[in-house]
Amino acid sequence: MRLELDGISKQFGEQQALRDVTLAVPEFQSLAIIGPSGGGKTTLLRLILGELKPDAGRVRLGTKIQVAYFD
């Protein structure tokens, strides 16, 4: 696997951004994150990039992974 999220959760004060997210993206696959404003998309991306640490769970990135995004 190139990217694995295992039961990650993230909370900011009283606001639960993500709860128990599990995801596996195999090698040579792409991932699109689409959703409403305030749905946790940026939080998820920041967790994947290592800019945030999850409150629970684990994020694992494979070697030579490239992350690209449009803001």
Side-chain angles (χ1 to χ4, degrees):
M1 288 295 150
R2 296 295 280 199
L3 168 64
E4 289 184 17
L5 307 177
D6 186 21
I8 63 168
S9 295
K10 185 66 180 174
Q11 187 167 330
F12 299 98
E14 296 291 318
Q15 180 68 34
Q16 183 81 39
L18 298 169
R19 183 182 311 138
D20 196 28
V21 176
T22 299
L23 171 72
V25 180
E27 193 170 4
F28 305 114
Q29 295 296 308
S30 298
L31 173 67
I33 303 170
I34 301 169
S37 180
K41 299 177 304 292
T42 300
T43 300
L44 179 61
L45 183 59
R46 291 180 68 202
L47 286 162
I48 291 170
L49 293 173
E51 294 176 5
L52 288 175
K53 300 292 182 202
D55 296 332
R58 176 175 58 159
V59 177
R60 291 185 358 186
L61 292 176
T63 59
K64 299 180 184 178
I65 191 170
Q66 287 187 309
V67 177
Y69 64 94
F70 298 98
D71 190 3

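Numbering starts at 1 and runs along the sequence shown.
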Task: Side chain Arg2, main chain Thr63, donor-acceptor under 3.5 Å - done: yes
Task: Distance in Å, Asp20 CG paired with Leu5 CG, rounded so as to fall on 0.5 Å steps - done: 11.5 Å
Open item on the list: On a heavy-atom basis, which atom in Lys10 and which in Thr43 lie closest, and how many Å separate them?
Closed with: CG-CG2, 3.9 Å
- [ ] Return the minimal non-hydrogen interatomic distance between Leu47 and Pro54, and the atom names on each side.
- [x] CD2-N, 3.4 Å
Open item on the list: Contact between Ile33 and Thr42 at the side-chain level, heavy atoms closer than 4.5 Å - yes or no?
Closed with: no
Task: Minimum-distance pair of heavy atoms, taken over all atoms of Lys41 and Ile34 - done: CD-C, 3.8 Å
- [ ] Find the distance between CZ (Arg58) and CD (Glu4) and round it off to the nearest 0.5 Å.
- [x] 7.0 Å
Open item on the list: Going by side-chain contact (heavy atoms from CB on, under 4.5 Å), Ile8 matches just one of Leu23, Thr22, Leu44. Which one?
Closed with: Leu44
